[in-house]
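These numbers were taken from a predicted model, which means no experiment stands behind them.
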Amino acid sequence: MQKEFDEALENLKNIEVVDEPSAACYNEQFKTLIGKTMQIVSETDYDALVQAKTEDIEKKYSAKVEFSDAATDAYKKLRELVRFEMLHETLFAGKEFEVCCTESNFAQAMNKLRPEISKLLPEDKKEAVESIGYTLYSDFTKYLVCSAFDMVADMKIFEMPEFRPLQLNALGKEVRTNVNVIRQQKNKPQKSQVLTDWFLTVMVLPGLLLRKLYSVSLVEMFEVEQKQTDNAAHLFNIFQKRMAAFSAGVEYQILQEFLVPLGMADCFTVRPKLKDKPKGGYIH
């Protein structure tokens with residue numbers, strides 16, 4: 001069955017849709033790929049495969065893998081496992097990085113967020129602006145770091161053919177979830193358009209990765225503005241260029257380079273690890 005999946009994927013990736021006949025051919029091959037995917041996922045004990053891989057990696061690095069509460073299924077555990085391996089490869093290469101929001105970073109971020117947040121609060125609640133701003137900004141930076149690192153992990157998982165059916169299924173679900181979240185939030189009042197733009201841009205990235213890896217495009221389903229789609233495409237180009245010259249610690253370089261097009265260069269710090277913890281704490 002794995003061979004049939006691989007053949008269906010290769011066939012799909014070789015189809016260039018230029019007219020109705022080629023579109024029909026694509027749709028037929030897409031149905032074949034999805035059919036093989038669902039059959040393999042339903043018949044394969046991926047939890048056991050991930051557990052075996054976990055034990056191998058723990059032996060390799062003589063370290064215990066601790067999965068987070070967010071690792072609720074086999075693919076999420078596999079992602080965290082690959083990120084664990086990425087971290088240790090970076091350390092073995094003599095590199096160590098930290099991502100943090102310093103006091104200066106937060107001040108710069110609040111300069112962008114404060115005007116909009118202030119408009120939403122009555123005069124006697126203005127002191128809450130900083131607290132709300134910190135919560136919103138912290139939520140986004142955590143999401144950004146996780147998204148950038150997960151993309152690198154996803155690329156590495158794609159290099160494991162036995163996990164591709166699981167990955168295609170998981171990425172498809174993730175993209176559809178993002179599409180639905182954006183649709184549900186679209187008509188709700190936003191506390192900050194700046195933060196909304198950042199979130200929407202990053203939420204499109206899994207769709208671009210799915211299209212890159214599996215020739216399955218759900219990007220058109222994202223109800224976002226063209227500028228957000230364009231910004232996501234720019235981030236994805238940065239990602240692809242860095243991954244083409246992969247080296248240990250590339251996930252930190254990608255994250256750092258994402259900051260400029262997002263307009264966050266002075267709002268967040270990615271740097272070689274310092275001996276002393278900086279003021280402002282870590283957001284990881």
Side-chain angles (χ1 to χ4, degrees), residues 1-17 22-58 60 65 67-86 89 146-181 203-222 236 239-240 243-244 246 251:
M1 187 60 67
Q2 181 69 41
K3 182 179 180 182
E4 294 175 2
F5 172 91
D6 294 339
E7 290 176 351
L9 176 58
E10 187 63 26
N11 291 338
L12 188 69
K13 296 180 79 169
N14 287 331
I15 297 173
E16 182 179 1
V17 178
S22 60
C25 183
Y26 174 91
N27 290 335
E28 189 62 32
Q29 200 60 50
F30 172 74
K31 291 178 183 178
T32 299
L33 178 64
I34 297 303
K36 300 300 181 186
T37 298
M38 299 312 295
Q39 183 175 352
I40 293 173
V41 169
S42 66
E43 296 176 353
T44 304
D45 188 350
Y46 281 111
D47 287 323
L49 292 179
V50 172
Q51 179 58 35
K53 190 167 185 62
T54 301
E55 292 171 2
D56 289 342
I57 288 179
E58 287 179 336
K60 180 179 179 180
V65 176
F67 293 108
S68 73
D69 293 339
T72 54
D73 58 45
Y75 191 74
K76 290 176 181 177
K77 287 182 179 178
L78 181 59
R79 249 187 189 160
E80 291 195 4
L81 186 59
V82 172
R83 284 180 54 170
F84 177 89
E85 189 172 28
M86 287 160 48
E89 287 299 313
C146 186
S147 296
F149 288 13
D150 279 351
M151 286 176 68
V152 178
D154 288 336
M155 286 290 283
K156 293 180 74 64
I157 291 171
F158 184 74
E159 297 171 0
M160 310 172 195
E162 70 274 20
F163 286 111
R164 286 179 183 174
L166 177 67
Q167 181 178 56
L168 174 54
N169 186 53
L171 288 182
K173 288 180 179 178
E174 181 177 334
V175 172
R176 289 191 295 272
T177 296
N178 286 3
V179 167
N180 289 333
V181 168
M203 291 181 79
V204 173
L205 290 175
L208 297 175
L209 185 61
L210 179 65
R211 184 171 65 186
K212 167 71 175 178
L213 297 180
Y214 292 98
S215 293
V216 174
S217 182
L218 302 179
V219 176
E220 297 77 12
M221 296 174 63
F222 285 101
F236 195 70
F239 171 75
Q240 290 191 99
M243 290 302 296
F246 183 87
E251 62 271 23

State, to 0.1 Å, how close F158 and K13 come at their nearest heavy-atom pair, and which atoms those are.
CZ-NZ, 4.0 Å
Between M155 and F246, does the side chain to side chain contact (heavy atoms under 4.5 Å, CB included) criterion hold? Intermediate values first, please.
CA-CA 11 Å; M155 286 290 283; F246 183 87; over 6 Å; no
Polar side-chain atom of S42 near backbone of Q39 as donor-acceptor pair, under 3.5 Å:
yes
Sub-3.5 Å donor-acceptor pair from the side chain of Q2 to the main-chain atoms of P161, do we have one?
yes
How about E16: does its CD atom have over 12 heavy atoms from other parts shown lying under 6.0 Å from it?
no
If every non-hydrogen atom of A70 is compared with every non-hydrogen atom of K76, which pair is closest and at what distance?
O-CD, 3.3 Å
Using the six-membered ring wherever Trp is involved, compare the ring planes of F5 and Y214 and label them parallel, tilted or perpendicular (cut-offs 30° and 60°).
perpendicular
When you measure from the side chain of K156 to the backbone N and O of R79, does any donor-acceptor pair fall under 3.5 Å?
no
Smallest heavy-atom separation, M221 atom then V179 atom, equals O-CG1, 3.6 Å
With a 4.0 Å cut-off, would you call K53 and E85 a salt bridge?
no
Do you see a donor-acceptor pair shorter than 3.5 Å between the side chains of D47 and Q51?
no
With V82 as partner, the option from D154, V152, D150, I157 fulfilling side-chain contact (heavy atoms from CB on, under 4.5 Å) is I157
I need the E174 CD to M203 CE distance, nearest 0.5 Å.
9.5 Å
Kindly give the heavy-atom pair with the smallest separation between D69 and T72, and that separation in Å.
O-CG2, 3.5 Å
Expected output: side-chain N27 to main-chain A23 donor-acceptor under 3.5 Å
yes
Mark yes or no for whether T44, through its side chain, and Y46, through its backbone, hold a donor-acceptor pair below 3.5 Å.
no
